[in-house]
Asks: 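Take a look at this one; I'll ask things after.
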Amino acid sequence: MTVSRTRRAWIAGLMLALAGGIVPARADEPVTVFAAASLKNALDEASAAWTRETAKTTRISYAGSNALAKQIEAGAPADLFVSADLAWMDYAEKTGTIRSETRVNLLRNAIVLVAPKGSTQKVALEPGVDLAKALAGGRLAMGNVEAVPAGKYGKAALEKLGAWDGVRTQVAQAENVRAALLLVARGEAPLGIVYATDAASEPGVEVVATFPEGSHPPIVYPAALTKESRSADAAAFLTYLRSPAARPFFERQGFEVIATEKRS
């Protein structure tokens with residue numbers, strides 16, 4: 001069979017691009033998103049709505065922001081990174097793995113103290129709180145306090161309230177905030193520190209108290225396209241996430257949408 005001139009030209013162009021190390025963009029491939037675990041419910045809904053509107057698709061991997069930033073640095077194929085804190089997006093920017101000009105602040109959140117559903121726990125999160133007494137020998141479920149954003153926020157809040165030293169040996173550190181939430185929902189930990197949005201999504205827990213805003217750094221979720229992205233649709237999906245059409249999906253889960261803010 002004779003190969004047409006157009007076909008030969010297309011093949012030659014592709015071989016030239018590959019020889020030069022350039023991978024052409026594919027409009028029909030899913031947008032690969034690396035997103036903080038706490039975004040799962042809202043982002044799944046937003047993604048489904050975007051697909052219905054545009055017929056474009058996404059492929060979303062959820063994990064702790066620290067793990068995702070490291071995976072992107074190691075060469076994992078992601079088009080869009082959404083972090084649960086500014087620090088890991090700063091890390092991605094310093095290592096040159098995101099496109100700085102695309103970076104935006106997308107959402108805000110809060111952290112809360114949760115207990116298994118039906119618990120009668122009463123805790124006042126104020127300076128001098130004795131959280132060890134409330135744990136009664138049990139474990140306090142949190143994301144890893146040195147790496148996972150929710151864990152770092154939680155540790156900062158406990159330190160501010162003077163409660164960290166009393167519970168540090170009783171902390172059950174999880175690889176991400178959803179794993180910490182599950183420990184409480186299963187009754188494996190009597191208390192846990194998670195995002196308000198996570199607590200709202202899990203019927204197996206109830207909120208005991210909300211940490212005062214000033215007890216921890218502001219909880220901001222930034223997003224940016226990755227340096228190595230070749231997706232023709234990644235920028236459009238990020239634009240959609242910042243649009244009025246996507247706002248209800250985030251607000252229904254308890255997030256505060258940051259209106260067209262560039263970055264901090």
Side-chain angles (χ1 to χ4, degrees), residues 36-40 62-70 83-88 91 107-221 253-256:
S38 52
L39 285 164
K40 180 169 175 48
Y62 296 103
S65 301
N66 55 309
L68 297 173
K70 293 285 190 178
S83 172
D85 73 352
L86 297 170
W88 283 110
Y91 177 89
L107 305 164
R108 290 192 180 92
N109 208 340
I111 53 171
V112 297
L113 187 68
V114 294
K117 192 70 176 176
S119 170
T120 58
Q121 279 278 20
K122 301 293 180 186
V123 179
L125 291 175
E126 55 192 19
V129 59
D130 187 355
L131 205 52
K133 181 179 179 181
L135 287 170
R139 308 283 275 176
L140 176 64
M142 299 173 63
N144 184 293
V145 299
E146 300 301 329
V148 176
K152 294 194 295 180
Y153 291 129
K155 180 183 177 184
L158 293 176
E159 288 178 331
K160 184 76 171 181
L161 297 174
W164 174 248
D165 287 340
V167 299
R168 63 191 308 164
T169 60
Q170 293 173 261
V171 174
Q173 299 189 51
E175 63 181 11
N176 60 63
V177 69
R178 286 296 176 102
L181 179 71
L182 196 56
L183 288 175
V184 181
R186 288 175 173 172
E188 295 172 26
L191 292 171
I193 299 175
V194 299
Y195 293 119
T197 52
D198 292 310
S201 72
E202 173 53 67
V205 304
E206 57 185 61
V207 175
V208 174
T210 299
F211 284 87
E213 257 186 49
S215 65
H216 56 79
I219 301 174
V220 177
Y221 286 61
Q253 297 299 325
F255 288 100
E256 178 189 344

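In this chain, numbering begins with 1 at the start of the sequence shown.
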Asks: Which heavy atom of V220 sits nearest a heavy atom of Y153, and at what distance?
Replies: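 Closest pair (atom of V220, atom of Y153, distance): N-OH, 3.9 Å.
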Asks: State whether the number of non-hydrogen atoms from other residues, nucleotides or ligands found under 6.0 Å of E175 atom CD is greater than 12.
Replies: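 Open: at most 12 neighbouring heavy atoms sit under 6.0 Å from CD of E175.
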Asks: Would you compute the distance between atom CG of L161 and atom CG of L131 and round it to the nearest 0.5 angstrom?
Replies: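 One finds 9.5 Å between CG of L161 and CG of L131.
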Asks: When you measure from the side chain of E213 to the backbone of P218, do you find a donor-acceptor pair of N or O atoms at a distance under 3.5 Å?
Replies: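 Side chain of E213 to backbone of P218: no pair is present.
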Asks: Which is it for I111 and V194 under the side-chain contact (heavy atoms from CB on, under 4.5 Å) test, yes or no, and what are the steps along the way?
Replies: CA-CA 6 Å; I111 53 171; V194 299; over 6 Å; no
Asks: Using the rule given for ring pair (Phe, Tyr, Trp, His ring centres under 6.0 Å), can you reason through Y221 versus F255, listing the C-alpha separation, both sets of side-chain angles and the distance that settles it, and then say yes or no?
Replies: CA-CA 10 Å; Y221 286 61; F255 288 100; 5.4 Å; yes
Asks: Please answer whether the main-chain N or O of S201 pairs with a side-chain N or O of Q253 as donor and acceptor at a distance below 3.5 Å.
Replies: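 A pair under 3.5 Å: no.
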Asks: Which heavy atom of V112 sits nearest a heavy atom of A199, and at what distance?
Replies: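 Heavy-atom minimum between the residues: CG2-CB, 4.0 Å.
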Asks: Checking E206 side chain against A115 main chain: does a donor-acceptor pair fall under 3.5 Å?
Replies: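 Absent.
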Asks: Closest approach of Y62 and A37, non-hydrogen atoms and distance?
Replies: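 Answer, listing the atom of Y62 first, then A37: CB-CA, 4.1 Å.
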Asks: Can you name the closest pair of heavy atoms from A134 and V123 and give their distance?
Replies: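 Distance-wise, the nearest heavy atoms are CB-CG2, 3.9 Å.
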Asks: Hey, could you give me the CD/CG distance between Q173 and L140, rounded to the nearest 0.5 Å?
Replies: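 Going from CD on Q173 over to CG on L140, the span is 10.0 Å.
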Asks: Could you go step by step and tell me if K155 and E146 meet the salt bridge (charged side-chain N to carboxylate O under 4.0 Å, His left out) rule?
Replies: CA-CA 9 Å; K155 180 183 177 184; E146 300 301 329; 3.1 Å; yes
Asks: Has the side chain of W88 got a donor or acceptor atom that lies under 3.5 Å from a matching backbone atom of A147?
Replies: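 Pair found, side chain donor or acceptor close to backbone of A147.
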Asks: Once rounded to the nearest 0.5 Å, what's the spacing between atom CG of L107 and atom OG1 of T197?
Replies: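 Atom-to-atom, L107:CG and T197:OG1 are 9.0 Å apart.
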Asks: Check each of V167, L191, V171, V148 against M142 using the side chain to side chain contact (heavy atoms under 4.5 Å, CB included) test, and report the only one that passes.
Replies: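 That would be V171.
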Asks: Could you report the tightest heavy-atom contact between S65 and A84, atom names first, then the distance?
Replies: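 The pair with the smallest heavy-atom distance is OG-N, 2.8 Å.
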Asks: Between OG of S38 and CG of L181, what distance do you get to the nearest 0.5 Å?
Replies: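 Between S38 OG and L181 CG, I get 10.5 Å after rounding to 0.5 Å.
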Asks: Tell me the closest heavy-atom pair linking A141 and V184, and the distance in Å.
Replies: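 A141 and V184 have their closest heavy atoms at CB-CG2, 3.9 Å.
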Asks: When rounded to the nearest 0.5 angstrom, what is the spacing between CG in N109 and CG in D85?
Replies: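 Answer for the CG-CG pair, N109 versus D85, is 12.0 Å.
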Asks: Are L158 and I193 close enough, and set up right, to give a side-chain contact (heavy atoms from CB on, under 4.5 Å), and what steps lead you there?
Replies: CA-CA 10 Å; L158 293 176; I193 299 175; 3.8 Å; yes
Asks: What's the separation between atom CZ in R139 and atom CD in E188, rounded to the nearest 0.5 Å?
Replies: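 Rounded to the nearest 0.5 Å, the CZ-CD separation comes out at 12.0 Å.
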